[in-house]
Peer 1: 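Could you have a look at this structure, given as structure tokens, before my questions?
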Amino acid sequence: MSLAEAGVEANLLAESGNERDLAKLRAAWAEELEAAARSADHIERAAAYRAVGQFRFRQKEELLRRGLEDDSPACRGSALLSLELLSRDHPRAINSVRPLLHTLANADGNAAVRRLAIMSLRNGSPQRDTIVLLQGIAEEEGLDREIQQTAAKVAAGLEKKARER
């Protein structure tokens, strides 16, 4: 079984609530995941960053930070997917890398990475600087329409969250 296949299995276990088997799978794949994240091959690194979320590996959040700073858009995207997944119930994951997410959302050279960074921000605390940044992205002329729409939608959601507090 490959790391990618183990990640799919781990995700199924996590979604079904089978924590015991998920913990066993984490233990069996922890070292290989770390090794893949250090690989020279961006495809292996991307699989490792994606697996962090699939395994619900909260202990590996620092590994995701490295993924967000990777030269490869595929690696950054995989790290963002994992971060978004880990942050659904725990905004701390987003809040701890918020400045990096702001940079990716505002200036990454890859449109898909920008959109993923914006979507990840929706799971964080509704901080004013994030809302203002997203509103600015939504109004930026000449920007990809999907990025603008995603930024507007996430900004509105964060504003609503802030009002409900």
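Here, residue 1 is the first one in the sequence, and each next residue gets the next number.
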Peer 1: Decide yes or no for Gln127 and Leu158: does some side-chain heavy atom of the first lie under 4.5 Å from some side-chain heavy atom of the second?
Peer 2: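 Side-chain contact under 4.5 Å: no.
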Peer 1: Take Asn123 and Leu83 through the side-chain contact (heavy atoms from CB on, under 4.5 Å) test and state the conclusion after the steps.
Peer 2: CA-CA 10 Å; Asn123 294 342; Leu83 187 64; over 6 Å; no
Peer 1: Does any N or O in the side chain of Lys60 come within less than 3.5 Å of the main-chain N or O of Ala51, such that one atom is a donor and the other an acceptor?
Peer 2: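 No; judged by distance alone, with no hydrogens or angles, the pair does not exist.
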Peer 1: Looking only at heavy atoms, which two atoms of Asn106 and Ile137 are closest? And how far apart?
Peer 2: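 Closest heavy-atom pair between Asn106 and Ile137: OD1-CG1, 3.8 Å.
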Peer 1: Give a yes or no answer on whether the side chain of Arg26 reaches the backbone of Phe55 with a donor-acceptor pair at less than 3.5 Å.
Peer 2: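 Pair found, side chain donor or acceptor close to backbone of Phe55.
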Peer 1: Please report the closest heavy-atom contact between Leu13 and Ser16, naming both atoms and the distance.
Peer 2: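 Reported closest heavy-atom pair: O-OG, 3.0 Å.
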Peer 1: Membership question, hydrophobic clusters at under 4.5 Å side-chain separation (ILVMFWY): are Leu143 and Ile131 in the same one?
Peer 2: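 Yes, one cluster joins them.
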Peer 1: Taking Glu140's backbone N and O only, do any of them form a donor-acceptor pair with Gln148's side chain (distance below 3.5 Å, no angle check)?
Peer 2: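 Answer holds: yes.
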Peer 1: Output the distance between atom CD (Gln54) and atom CG (Leu86), rounded to the nearest 0.5 Å.
Peer 2: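 Going from the CD atom of Gln54 to the CG atom of Leu86 covers 10.5 Å.
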Peer 1: Let me check something: do Leu100 and Ile94 share a hydrophobic cluster, defined by ILVMFWY side-chain heavy atoms less than 4.5 Å apart, either directly or through other members?
Peer 2: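 Yes, Leu100 connects to Ile94 through the hydrophobic network.
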Peer 1: What about Val8 and Leu81, same hydrophobic cluster or not, with Ile/Leu/Val/Met/Phe/Trp/Tyr joined at side-chain heavy-atom distances under 4.5 Å?
Peer 2: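 Looking at the clustering, Leu81 is in a separate group from Val8.
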Peer 1: Roughly how far, to the nearest 0.5 Å, is CZ of Arg114 from CG of Leu116?
Peer 2: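 Here the rounded value is 12.5 Å.
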Peer 1: Judged by atom type as modelled, is there a donor-acceptor pair below 3.5 Å linking the side chain of Arg65 to the main-chain atoms of Ser96?
Peer 2: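 Flag set: sc Arg65 to bb Ser96 pair under 3.5 Å.
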Peer 1: Sub-3.5 Å donor-acceptor pair from the side chain of Glu5 to the main-chain atoms of Ser2, do we have one?
Peer 2: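 Here the side-chain-to-backbone pair exists.
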Peer 1: Provide the closest heavy-atom pair for Ala48 versus Ala37 in the form atom of the first, atom of the second, distance.
Peer 2: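 Heavy atoms of Ala48 and Ala37 come nearest at CB-N, 3.6 Å.
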Peer 1: Report the distance from atom CD1 of Ile118 to atom CG of Leu133, rounding to the nearest 0.5 Å.
Peer 2: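 These two atoms lie 8.0 Å from each other.
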Peer 1: Quick one: does any side-chain atom of Ser39 pair with a main-chain N or O of Asp41 as donor and acceptor, under 3.5 Å?
Peer 2: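 Side chain of Ser39 to backbone of Asp41, a donor-acceptor pair under 3.5 Å: yes, one is there.
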Peer 1: Can you find a side-chain donor-acceptor pair between Asn95 and Arg92 that sits under 3.5 Å?
Peer 2: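 The criterion, which ignores hydrogens and geometry beyond distance, is not satisfied for Arg92 and Asn95.
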Peer 1: Of all the heavy-atom pairs spanning Pro73 and Val113, show the shortest one and how long it is.
Peer 2: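 Distance-wise, the nearest heavy atoms are O-CG2, 3.6 Å.
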Peer 1: With sequence neighbours excluded, what pairs up with Glu44 under the salt bridge (Lys or Arg N to Asp or Glu O under 4.0 Å) test?
Peer 2: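 None.
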Peer 1: Could you measure the distance from the CZ atom of Arg115 to the OG1 atom of Thr150? Nearest 0.5 Å is fine.
Peer 2: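 Taking CZ in Arg115 and OG1 in Thr150, the distance rounds to 4.5 Å.
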Peer 1: Where is the tightest heavy-atom contact between Ser125 and Pro91, given as atom of each residue plus distance?
Peer 2: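 Closest approach of Ser125 to Pro91: N-CB, 4.2 Å.
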Peer 1: Carefully, step by step, assess Val52 and Glu61 under the rule side-chain contact (heavy atoms from CB on, under 4.5 Å).
Peer 2: CA-CA 8 Å; Val52 170; Glu61 285 181 16; over 6 Å; no
Peer 1: Show your reasoning for whether side-chain contact (heavy atoms from CB on, under 4.5 Å) applies to Asn18 and Leu12.
Peer 2: CA-CA 9 Å; Asn18 190 339; Leu12 291 173; over 6 Å; no
Peer 1: Given 3.5 Å as the limit, does a donor-acceptor pair link the side chain of Arg45 with the main chain of Ala40, or not?
Peer 2: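 A pair under 3.5 Å: yes.
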Peer 1: May I ask you to decide if Thr130's main-chain N or O and Arg98's side chain share a donor-acceptor pair within less than 3.5 Å?
Peer 2: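 No.
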Peer 1: Roughly how far, to the nearest 0.5 Å, is CG of Leu3 from CG of Leu33?
Peer 2: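 Nearest 0.5 Å value for the CG-CG distance: 5.5 Å.
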Peer 1: Give the cluster check for Leu22 versus Met1: same hydrophobic cluster or not, with ILVMFWY residues linked at side-chain heavy-atom distances below 4.5 Å.
Peer 2: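 Yes; tracing contacts between hydrophobic side chains, which count when under 4.5 Å, links both residues.
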Peer 1: Between Ala46 and Ala74, which heavy-atom pair has the shortest distance, and what is it?
Peer 2: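 That closest heavy-atom pairing would be CB-O, 3.9 Å.
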Peer 1: Once side-chain contact (heavy atoms from CB on, under 4.5 Å) is applied, do any residues pair with Asp144, and if so which ones, sequence neighbours excluded?
Peer 2: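 Checked Asp144 against side-chain contact (heavy atoms from CB on, under 4.5 Å); matches are Glu146, Ile147.
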Peer 1: Please assess Leu85 against Arg56 for the test side-chain contact (heavy atoms from CB on, under 4.5 Å), listing each intermediate value before the final yes or no.
Peer 2: CA-CA 8 Å; Leu85 187 60; Arg56 307 305 194 271; 3.5 Å; yes
Peer 1: For Ser78 and Tyr49, indicate whether the former's side chain and the latter's backbone hold a donor-acceptor pair under 3.5 Å.
Peer 2: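 No, because the side chain of Ser78 does not come within donor-acceptor range (under 3.5 Å) of the backbone of Tyr49.
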Peer 1: Check whether more than 12 heavy atoms from other residues, nucleotides or ligands sit under 6.0 Å from atom CD of Glu31, and answer yes or no.
Peer 2: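 No, CD of Glu31 has 12 or fewer neighbouring heavy atoms, counting only those of other groups under 6.0 Å.
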Peer 1: Take a 6.0 Å sphere around CZ of Arg145 and say whether it holds more than 12 heavy atoms from other residues, nucleotides or ligands.
Peer 2: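 Open: at most 12 neighbouring heavy atoms sit under 6.0 Å from CZ of Arg145.
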Peer 1: If you count every heavy atom of other residues, nucleotides or ligands that lies below 6.0 Å from Lys153 atom NZ, does the total exceed 12?
Peer 2: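 Atom NZ in Lys153 is not packed in, count stays at 12 or less.
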Peer 1: Given Arg76, which of Asp108, Asp71, Asp70 fulfils the side-chain hydrogen bond (donor to acceptor under 3.5 Å, both in side chains) condition?
Peer 2: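 Of the listed residues Asp108, Asp71, Asp70, the side-chain hydrogen bond (donor to acceptor under 3.5 Å, both in side chains) partner of Arg76 is Asp108.
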Peer 1: How long is the span from the CD atom in Glu84 to the CG atom in Leu101, to the nearest 0.5 Å?
Peer 2: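 Answer for the CD-CG pair, Glu84 versus Leu101, is 11.0 Å.
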Peer 1: Evaluate Arg66 against Glu62 for salt bridge (charged side-chain N to carboxylate O under 4.0 Å, His left out), listing each step before the verdict.
Peer 2: CA-CA 7 Å; Arg66 285 198 334 241; Glu62 185 55 37; over 6 Å; no
